[in-house]
Engineer: 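Dropping the structure in here first, questions after.
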Amino acid sequence: MTDGNTAVRVRFAPSPTGFFHVGSARAALYNWFYARQQGGALVLRIEDTDAERNKEEWVDCIYSAMRWLGLDWDELYRQSERTDLYREAAEKLYAGGLAYYCDCTAEVVQDRTKDNATPGYDGFCRDRGLGPGPGRALRFRTPDEGTTVVHDVVRGDPVFEHRTIEDFVLVRGSGAAMFILANVVDDIDMRISHVIRGEDHLPNTPKYLLLWRALGGPAEPVFAHLPLLVNEQRKKLSKRRDKVAVEDYRDGGYLPEAMVNFLALLGWSPGEDREIVPVDEMVAGFRLEDVNNSPAYFDEKKLLYVNGEYVRMLPVAEFVERSVPYLDAAGLAWDRAAFEEMAPLVQERVKVLTEVPAMVDFFFADPVIDDKDWDKRVVRGPAAAELLADAIAAYGAADLPWTAEALHDATAALGERRGQGLGKAQFPIRVAVTGRAVGPPLFESLAVLGRERTLTRLQAALDRLVPAA
RNA sequence: GCCCCCAUCGUCUAGUGGCCUAGGACACCACCCUUUCAAGGUGGCGGCACGGGUUCGAAUCCCGUUGGGGGUGCCA
């Protein structure tokens, strides 16, 4: 598909108008896959032509989110620093009679065309011979007849009739270039070979092509319009309605490699019934022509599953390291040695790193007893007071080695004496010591906690259960 | 309204005319394992939107219908 003589040059061109969106991340990822696989270049181009809506902090969001995902770029441009190029292109178009100035305001255009079968600008100023002037926009003069075909690797060859394309604005009345102009000028200038972007751009691709030709661009790029990412209502993921910010997932305890793997699966399949695939294998196996053409639902449940897989694949030391920010964020006065001891048991029980603190908090502070668990597993549990008292006696015995195994056996014996299985018997102890009915394996936890702290907590629970007369 | 795109289990997908009695994964349910919870194992539920063609043969090709989505900005 690629012409072997032409270097593959792709671009990811986000506009800094909000937090970095998972849909953008997916588009960036596919561009990156293709560039890396083909040994081509990935251009990161910040499309900040609309000063009103852009913010510098959003630009930083783009950089940090991409770095977090591991998507590196080879060249970086900002459209706000390239305005001369756009002005030159606009002047060339005007001089060549391919564009004209228009002084119609948006309101006027709307009033004039609202009853037309095909709304949009009606070409009112086409032949008025207006020159440049304050407040005047420059419009592209689209052909009245004929068609433009978009050759798209994932969509086939959609045909657009020129008569359905209005004379669109190239330069605002303020003199600032519009997206379409800057986009095409840059793609030509940057020798972009493949335009890989969201499907929402498909309708403006004929305009892009018309402009490309008017500007005398060389060989046109290959297009690949990616299926949209949608929410449960099957609507395009939106910043207002949906949880779409990549940084929210980062803060939510997701691993970047899991996010990358999950995103890759939305619109493409590694094949052979494989889903959890290392990134280098995805890069190697990625095919633009295998990208799907129907919208994909961003299913957080599946993301959660994928993340759990990646969490469990981590070497323990790495898991510990990655958990640090989340432990700190939870405000725990945590201790590394103790956490390291429990880490393997915690690792296979969490799906996101934000769950880590709640798994180990009882090591580093007095347990906060969960009322529901206390009521269900202790108060209403059979003879809990007696069991707690027995546990205190058994655990306090000087000849009991303080090991998980010995504690397991001692507790099993306690339960047996009253006809309880270990599963039941451990509940009051677990709630007393950790505050909750669920958590990492109990006896291993007690072994790390130590005899003294365990006994203190058991006694506290017993006192709470049976207040001293 | 007009233009364009899309259509396989609830979801993500495999499938490119016979390997399909439509495969995998998530979710869900059951059972097993088990010190709670997870993880793991086994099994189950569940789909080619509909109607016409083409063909010896269609999930796969064509047409139509229906349904969904995107675009329609001096936003990107």
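Below, chains carry the letters A, B, ... as their sequence lines are ordered, and counting in each starts from 1. Side chains are part of it too, since the values below use all heavy atoms of this structure and drop only hydrogens, waters and symmetry mates.
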Engineer: Which is more 5' along RNA chain B, the nucleotide nearest V159(A) or the one nearest I180(A)? Just name the residue.
Structural biologist: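 First, find each residue's nearest nucleotide; the 5'-ward one identifies V159(A).
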Engineer: Parallel, tilted or perpendicular for Y254(A) and Y249(A), by the 30°/60° rule?
Structural biologist: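 Geometry flag for Y249(A) against Y254(A): perpendicular rings.
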Engineer: With sugar-phosphate meaning primed atoms plus P, OP1 and OP2, does H201(A) contact a base, only sugar-phosphate, or nothing at under 4.0 Å between heavy atoms?
Structural biologist: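 Base, at least one base heavy atom under 4.0 Å.
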Engineer: Using the C1' atom in both, what is the distance from U72(B) to C63(B), to the nearest Å?
Structural biologist: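 After rounding to an integer number of Å, I get 28 Å for this pair.
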Engineer: Is the shortest side-chain heavy-atom distance between N183(A) and Y208(A) below 4.5 Å?
Structural biologist: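 Answer yes - side chains close enough.
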Engineer: Less than 4.0 Å between a side-chain N and a carboxylate O, is that true for D375(A) and K372(A)?
Structural biologist: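 D375(A) and K372(A): not salt-bridged.
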Engineer: Tell me which nucleotide, if any, is Watson-Crick or G-U wobble paired with G40(B) when both distances must be under 3.5 Å.
Structural biologist: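 Across any shown strand, G40(B) pairs with C32(B).
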Engineer: Is the shortest side-chain N/O distance from T49(A) to OP1 or OP2 of A76(B) below 4.0 Å?
Structural biologist: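 Answer is yes, contact under 4.0 Å.
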Engineer: Strictly below 4.0 Å: does R163(A) bring a side-chain N or O up to OP1 or OP2 of C2(B)?
Structural biologist: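 No, outside the criterion.
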Engineer: Which sits closer to the 5' end of RNA chain B, M359(A) or F179(A), going by the nucleotide each is nearest to?
Structural biologist: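 First, find each residue's nearest nucleotide; the 5'-ward one identifies M359(A).
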Engineer: Out of A38(B), G70(B), G40(B), which has the shortest distance to the side chain of K235(A)?
Structural biologist: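 Taking heavy atoms from C-beta onward, the closest nucleotide is G70(B).
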Engineer: Nearest whole Å is fine: how far is C33(B) P from L422(A) CG?
Structural biologist: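 Going from CG in L422(A) over to P in C33(B) covers 15 Å.
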Engineer: Just checking E348(A): base, sugar-phosphate only, or nothing, at a heavy-atom cut-off of under 4.0 Å?
Structural biologist: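 The answer is base, as E348(A) lies within the cut-off (heavy atoms under 4.0 Å) of a base atom.
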Engineer: Name the nucleic acid region contacted by R155(A), choosing base, sugar-phosphate or nothing; use a 4.0 angstrom heavy-atom cut-off, strictly under.
Structural biologist: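 Touches sugar-phosphate only.
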Engineer: For R312(A), which contact category applies under a 4.0 Å heavy-atom criterion: base, sugar-phosphate, or nothing?
Structural biologist: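 The answer is sugar-phosphate, as R312(A) gets under 4.0 Å only of primed atoms, P, OP1 or OP2.
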Engineer: Among G23(B), C5(B), A76(B), which is the nearest nucleotide to the side chain of D50(A)?
Structural biologist: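 For the D50(A) side chain, the nearest candidate turns out to be A76(B).
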Engineer: Using a heavy-atom cut-off of 4.0 Å across all strands, would you classify F443(A) as base, sugar-phosphate, or nothing?
Structural biologist: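 If one applies the 4.0 Å heavy-atom cut-off, F443(A) turns out to touch a base.
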Engineer: Measure from CZ on F124(A) to C1' on C74(B) and round the result to the nearest Å.
Structural biologist: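 Taking CZ of F124(A) and C1' of C74(B), I get 17 Å after rounding.
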Engineer: Would you call R197(A) and E47(A) a salt bridge, taking side-chain N to carboxylate O under 4.0 Å as the test?
Structural biologist: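 Salt bridge: no.
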Engineer: Of the candidate nucleotides U36(B), A76(B), G71(B), which contains the atom at the shortest distance from the side chain of M178(A)?
Structural biologist: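 The closest nucleotide is A76(B).
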Engineer: One pair to check against ring-ring contact (aromatic ring centres under 6.0 Å, His included): Y94(A) and Y101(A). What are the steps and the verdict?
Structural biologist: CA-CA 8 Å; Y94(A) 174 64; Y101(A) 283 95; 4.8 Å; yes
Engineer: Rounding to the closest angstrom, what is the interatomic distance between C28(B) and U11(B) at atom C1'?
Structural biologist: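 Taking atom C1' in both C28(B) and U11(B), they lie 12 Å apart.
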Engineer: Taking the P atom of each, how far is C6(B) from G10(B), in whole Å?
Structural biologist: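 Their P atoms lie roughly 22 Å apart.
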Engineer: Testing the 3.5 Å rule here: is there a donor-acceptor pair between the side chains of N261(A) and Y310(A)?
Structural biologist: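 Short answer, yes.
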Engineer: Looking at side-chain heavy atoms only, is the closest gap between L237(A) and F298(A) below 4.5 Å?
Structural biologist: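 Yes, their side chains come closer than 4.5 Å.
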Engineer: Would you indicate what L442(A) reaches in the nucleic acid, counting non-hydrogen atoms under 4.0 angstrom: base, sugar-phosphate, or nothing?
Structural biologist: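 Contact class for L442(A): base.
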Engineer: How far does the P atom of G69(B) sit from the matching atom of C61(B), given to the nearest Å?
Structural biologist: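 My reading of the P atoms in G69(B) and C61(B) gives 24 Å.
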Engineer: Below 4.0 angstrom, which residues in residues 77-91 of chain A have at least one non-hydrogen atom near RNA chain B?
Structural biologist: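 Under 4.0 Å from RNA chain B: no residue of residues 77-91 of chain A.
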Engineer: Expressed as a whole number of angstroms, how long is the span from R349(A):CZ to G40(B):P?
Structural biologist: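 Rounded to whole Å, this separation is 12 Å.
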Engineer: Would you say E340(A) has more than 12 foreign heavy atoms packed within less than 6.0 Å of its CD?
Structural biologist: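 Correct, the count exceeds 12.
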Engineer: To the nearest Å, give me how far apart CG (N204(A)) and C1' (C5(B)) are.
Structural biologist: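 In whole Å, C5(B) C1' and N204(A) CG are 14 Å from each other.
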Engineer: Any protein N or O atoms within reach of nucleotides 11-13 of chain B? Criterion: under 3.5 Å, listing atom names and distances.
Structural biologist:
residue	atom	partner	partner atom	Å
C12(B)	OP1	R234(A)	NH2	2.3
C12(B)	OP1	Y297(A)	N	3.0
C12(B)	O2'	L265(A)	O	3.1
U13(B)	OP1	G267(A)	N	2.7

Engineer: Quick check on contacts: within residues 133-151 of chain A, what sits under 4.0 Å from RNA chain B by heavy-atom distance?
Structural biologist: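 Under 4.0 Å from RNA chain B: G135(A), A137(A), R139(A).
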Engineer: When we call it a touch if two heavy atoms are under 4.0 Å apart, what does E300(A) touch: a base, just sugar-phosphate, or nothing?
Structural biologist: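 The residue E300(A) makes no contact with any strand.
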Engineer: Taking the cut-offs as 6.0 angstrom to the six-membered ring centre and 45 degrees off its axis, would you call R53(A) and F179(A) a cation-pi pair?
Structural biologist: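 No, R53(A) and F179(A) do not form such a contact.
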Engineer: Strictly by Watson-Crick or wobble contacts shorter than 3.5 Å, is anything paired with C26(B), and which nucleotide is it?
Structural biologist: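 Paired with G10(B).
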Engineer: Taking the basic N atoms (NZ, or NE/NH1/NH2) and the acidic carboxylate oxygens, is any pair closer than 4.0 Å for E161(A) and R163(A)?
Structural biologist: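 Looking at R163(A) together with E161(A), the answer is yes, because their closest N to O distance falls below 4.0 Å.
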Engineer: Please state the P separation for the pair A38(B) and C29(B) - nearest whole angstrom.
Structural biologist: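 These two P atoms come out 11 Å apart once rounded.
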Engineer: Roughly, in whole Å, what's the span from CG in N293(A) to P in C5(B)?
Structural biologist: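 Rounded to whole Å, this separation is 11 Å.
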Engineer: Measure from CZ on F168(A) to P on A76(B) and round the result to the nearest Å.
Structural biologist: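 That distance rounds to 13 Å.
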Engineer: Roughly, in whole Å, what's the span from CG in L170(A) to C1' in A76(B)?
Structural biologist: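 Computing the L170(A):CG to A76(B):C1' distance gives 15 Å.
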Engineer: Determine the Euclidean distance between corresponding P atoms of A59(B) and G43(B); express it in Å to zero decimal places.
Structural biologist: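 Straight-line distance between the two P atoms is 27 Å.
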Engineer: According to a strict under-4.0 Å criterion, is K236(A) in side-chain N/O contact with OP1 or OP2 of G71(B)?
Structural biologist: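 Yes, because at least one side-chain N or O of K236(A) sits under 4.0 Å from OP1 or OP2 of G71(B).
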Engineer: Does any non-hydrogen side-chain atom of W73(A) lie less than 4.5 Å from one of F12(A)?
Structural biologist: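 No, their side chains stay 4.5 Å or more apart.
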Engineer: Assign G423(A) to base, sugar-phosphate, or nothing according to its heavy-atom contacts below 4.0 angstrom with the strands shown.
Structural biologist: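 Sugar-phosphate, no base atom in range.
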Engineer: Which value, in whole Å, describes the distance between the C1' atoms of nucleotides G18(B) and U65(B)?
Structural biologist: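 My reading of the C1' atoms in G18(B) and U65(B) gives 29 Å.
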Engineer: Tell me, do L288(A) and V154(A) make a side-chain contact under 4.5 Å, heavy atoms counted?
Structural biologist: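 L288(A) vs V154(A): side chains apart.
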Engineer: From U35(B), C74(B), A39(B), pick the nucleotide closest to the side chain of R172(A)?
Structural biologist: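 Nearest nucleotide to the side chain: C74(B).
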Engineer: Quick one: do E56(A) and R78(A) make a salt bridge, cutoff under 4.0 Å?
Structural biologist: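 A salt bridge is present here (some side-chain N lies under 4.0 Å from a carboxylate O).
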Engineer: Taking the side chain as everything from C-beta on, heavy atoms only, tell me whether M313(A) gets closer than 4.5 Å to L255(A).
Structural biologist: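 Sidechains of L255(A) and M313(A): no contact.
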Engineer: Output the single nucleotide from A27(B), U35(B), U72(B) whose closest atom is nearest the side chain of E166(A).
Structural biologist: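 Nearest to the side chain of E166(A) among the choices is U72(B).
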Engineer: Is any side-chain heavy atom of F363(A) less than 4.5 Å from a side-chain heavy atom of S445(A)?
Structural biologist: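 Result yes, sub-4.5 Å side-chain heavy-atom pair found.
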Engineer: When rounded to the nearest Å, what value does the distance between C1' atoms of G23(B) and U8(B) take?
Structural biologist: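 It works out to 11 Å between them.
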Engineer: Tell me the interatomic distance from L387(A), atom CG, to U35(B), atom C1', rounded to whole angstroms.
Structural biologist: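 In whole Å, U35(B) C1' and L387(A) CG are 13 Å from each other.
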Engineer: Could you tell me whether P14(A) contacts a base, only the sugar-phosphate backbone, or nothing, with contacts defined as non-hydrogen atoms closer than 4.0 Å?
Structural biologist: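 Touches nothing.
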Engineer: For G1(B), give the paired nucleotide (Watson-Crick: N1-N3 plus N6-O4 or O6-N4; G-U: N1-O2 and O6-N3; both under 3.5 Å), or none.
Structural biologist: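 Looking at the geometry, G1(B) pairs with U72(B).
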Engineer: Closest approach to the side chain of F160(A), judged atom by atom: which nucleotide of C3(B), A27(B), C5(B) is it?
Structural biologist: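 Per side-chain heavy atoms of F160(A), the pick is C3(B).
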Engineer: Are T49(A) and R172(A) close enough that a side-chain donor and a side-chain acceptor fall under 3.5 Å?
Structural biologist: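 No, no side-chain donor-acceptor contact under 3.5 Å.
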